[in-house]
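Beneath this line is the structure, given in structure tokens, with notes to follow.
Here is how names work: the chains are called A, B, and so on, in the same order as the sequence lines, proteins then strands, and each is numbered from 1.
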There are 2 protein chains.
Amino acid sequence: MSPVTRNQVAEYAGVSTAVVSYVVNGGPRAVSPAARERVLEAIRVLGYRPNATARALKVGSTRTFGLITPDGGNPLFAELAKAIDRAAAERGYVVLQTSTDGDPATERAKVAELLARQVSGLVLVTPSEAPDLAGAELPVVAVNRMLPGVSSVGPRYREGARTAVEHLIWHGHKRIALVVGAGGAEREQGWRDALGEAGLSADVVERVGFGREGGYEAGLRLVGRRTGVTAVFASSDLQGVGLLRAFHEAGVEMAVVVFDGTPEAEYCWPPLTVVRQPVEVMAAEVVRQLVEGVVPEAVAFPAELVVRRSCGC
Amino acid sequence: MSPVTRNQVAEYAGVSTAVVSYVVNGGPRAVSPAARERVLEAIRVLGYRPNATARALKVGSTRTFGLITPDGGNPLFAELAKAIDRAAAERGYVVLQTSTDGDPATERAKVAELLARQVSGLVLVTPSEAPDLAGAELPVVAVNRMLPGVSSVGPRYREGARTAVEHLIWHGHKRIALVVGAGGAEREQGWRDALGEAGLSADVVERVGFGREGGYEAGLRLVGRRTGVTAVFASSDLQGVGLLRAFHEAGVEMAVVVFDGTPEAEYCWPPLTVVRQPVEVMAAEVVRQLVEGVVPEAVAFPAELVVRRSCGC
DNA sequence: TTGAAAGCGATACCAT
DNA sequence: ATGGTATCGCTTTCAA
């Protein structure tokens, strides 16, 4: 039993296919109550479900957004995806999500795949490169990463990082390390801003991956080097979690503040003081740009300090 | 500039559209080297990208699987999704992912949406109910949940839970609590099995949500009740993380073993001893069933104990 | 080896 | 208010 088509519905209801279409879509022509009733009945009896594929071909739009993240397992990206999905649903759009494992080739393939599927818009979360749109005319928004010719939405990294480090300074720390991943230049700048302003030296930097392993690795090094560091600012939640593990293992006390602010940072021990990315606001902006098809622009939202125990408060 | 179509490519290359199709798909007819070259050239120059929507309409298959999870932010589901995506990609399928926020109505809507898009198969991760396929003929696999008439893939919950609890018993614990979420009946059974066999009483049960909050809540209650409990088996990583937080806050020592085994459980403190769901194996089986379109069957894989510090080892 | 053309399911204009 | 029908982009059979 292959799927029921609109033709069968029309036949069963004794009307033309046009009428079925009018009923299903609520227009563009009016339909008599009697005919509408018969069509509805036919749809119910036959279990008809419109073929979105055919519809998309005809109308040229899928009302679908593609969303590509490097890693669905990263809680920040998961939060972002969730928020974007919700915001898009409110506007009647569906979001199709995939991830790339951080591999640029996979990223290219997924972009091509979604483009081939005629998505109406594309969201790239920290993409590794500018996408090859090959003449396709669709809105594209990069999240947490600036890309030439593409709209971008993100937090105010520099300002947020600065706030975080200022808080550590306020706690009286004199030697504050930075743990940062690739692409964290703005956060690094914010760290430097705060230290510079306070007349502290910005000389302990650990450059590692953005994940838990990276943070752990940085933690081991910090513990091993005995640089007199008493506090750390890390560029991601996950790094913070990794740091905590290294500090626990070594039995050292160290104040930590991180960027991002996902649930995982709230439930580790000690709970991490974070500078929280305004995920909901960012998602709303992403969807707005996609729906309205604005010209490329870069929008950054303030990130808010959420104080928990890891900073010493 | 609207997207380039196959017609334009054909015209530019001076061949028929059939030839373009043959070149793009590598068949079903052979094409002379000269013509192929001209077509390839035209595709490159024009920036042609086949319309997957139109192709799907014609061939009746999208080579796409839909994947629905209650929550993309749950690390277990994220791991699962990643693994399924990878396994599907190996077979030439694309996975389109969405989540439902655990809301049955949203779940129904997403199922309908994916069905309308003509997905070639559907994966439902811990669905809240049997999906309404309305006559659609496509393979459906439920993960971590049994559903009438639908294939299912999951870990051996009962056996895994038993192993976990046995390990706690081996450590000498006499009073072992259970923290469990809705739908955790099998895990509960495994807990009872182990306790019963050892002649211990199975009387401390906290029924809470599956998330971090649920675990935290359970932890607070366990700490408050002073039941002589010295160890806990929890039905999910997230619950374990929540428990840890409550125990830390109260300053109590408590052995913990949990089900799932995501990265988050490895990086919390103390690192959680887990019974790990064999995510990769499960993903491979899910995709196998989808691709081969087998008749509904229930497959369960052994879960492995991974010993870390939280059990006292 | 290649071209013409039918048809996938749905939309919406042009008639009636 | 309703029906007939051309059309969206692509695949593939049938003929040449």
Review point. So, the side chain of Asn51(B) versus the backbone of Thr53(B): is there a donor-acceptor pair under 3.5 Å, distance only?
Key: yes

Point to revise | Under 4.0 angstrom between Ser32(A) side-chain N/O and dT2(D) OP1 or OP2 | key: yes

**Study point:** Whole-Å distance separating the CD atom of Gln118(B) from the P atom of dC8(C)
**Key:** 14 Å

Check your understanding: Is the shortest distance from a Lys or Arg side-chain nitrogen in Arg86(A) or Glu90(A) to a carboxylate oxygen in the other one below 4.0 Å?
Key -> no

Check your understanding: Can you tell me how far P of dC13(C) sits from CG of Asn25(A), to the nearest Å?
Key -> 12 Å

Exercise for review: Using a strict 4.0 Å threshold on nitrogen-to-oxygen distance, state whether Arg44(B) and Glu41(B) make a salt bridge.
Suggested key: yes

Study note, to complete from the structure: Per-helix bend value, the helix from dT1(C)-dA16(D) to dT16(C)-dA1(D), C1' rotation axes over five pairs per end, 10° rounding, shows 40°

Point to revise | Under 3.5 Å: donor-acceptor pair, side chain of Asp101(A), backbone of Asp103(A) | key: no

Review point. Starting at the 5' end of DNA chain D, which residue's closest nucleotide do you reach first, Arg6(A) or Arg38(A)?
Key: Arg38(A)

Check your understanding: Does any non-hydrogen side-chain atom of Val111(B) lie less than 4.5 Å from one of Asp132(B)?
Key -> no

Check your understanding: Is Lys110(A) salt-bridged to Glu107(A), cutoff N-O under 4.0 Å?
Key -> no

Practice item. Starting from C1' on dT1(C), measure out to CZ on Arg36(B) and report it in whole angstrom. Key: 12 Å

Practice item. Output yes when at least one side-chain N/O atom of Asn7(B) is less than 4.0 Å from OP1 or OP2 of dC10(D), else no. Key: no

Review point. NA contact type, Val15(B), heavy-atom cut-off 4.0 Å: base, sugar-phosphate, or nothing?
Key: sugar-phosphate

Review point. In whole angstrom, what separates Glu37(B)'s CD from dT2(C)'s P?
Key: 13 Å

Check your understanding: Closest nucleotide of DNA chain D for Val31(A) versus for Thr17(A): which of these residues is on the 5' side?
Key -> Val31(A)

Check your understanding: Is there side-chain contact between Asn144(A) and Gln277(A), with at least one heavy-atom pair below 4.5 Å?
Key -> yes

Exercise for review: For Ser21(B), answer base if it contacts any base atom (sugar-phosphate contacts may also be present), sugar-phosphate if it contacts only those atoms, and nothing otherwise; contact means non-hydrogen atoms under 4.0 Å.
Suggested key: base

Exercise for review: Take atom CD of Glu11(A) and atom C1' of dG3(D), then tell me their distance rounded to the nearest Å.
Suggested key: 15 Å

Review point. Do any of residues 39-58 of chain A sit with a heavy atom less than 4.0 Å from DNA chain D, and if so which?
Key: Leu57(A), Lys58(A)

Practice item. Whole angstrom is fine here: how far is it from OH in Tyr22(B) over to P in dT12(D)? Key: 9 Å

Exercise for review: Let me see the working for Ser151(B) and Gln289(B) under side chain to side chain donor-acceptor pair (under 3.5 Å), right down to the final yes or no.
Suggested key: CA-CA 8 Å; Ser151(B) 261; Gln289(B) 292 204 18; 2.6 Å; yes

Review point. Under a 4.0 Å N-O cut-off, is there an ion pair linking Glu285(A) with Arg288(A)?
Key: yes

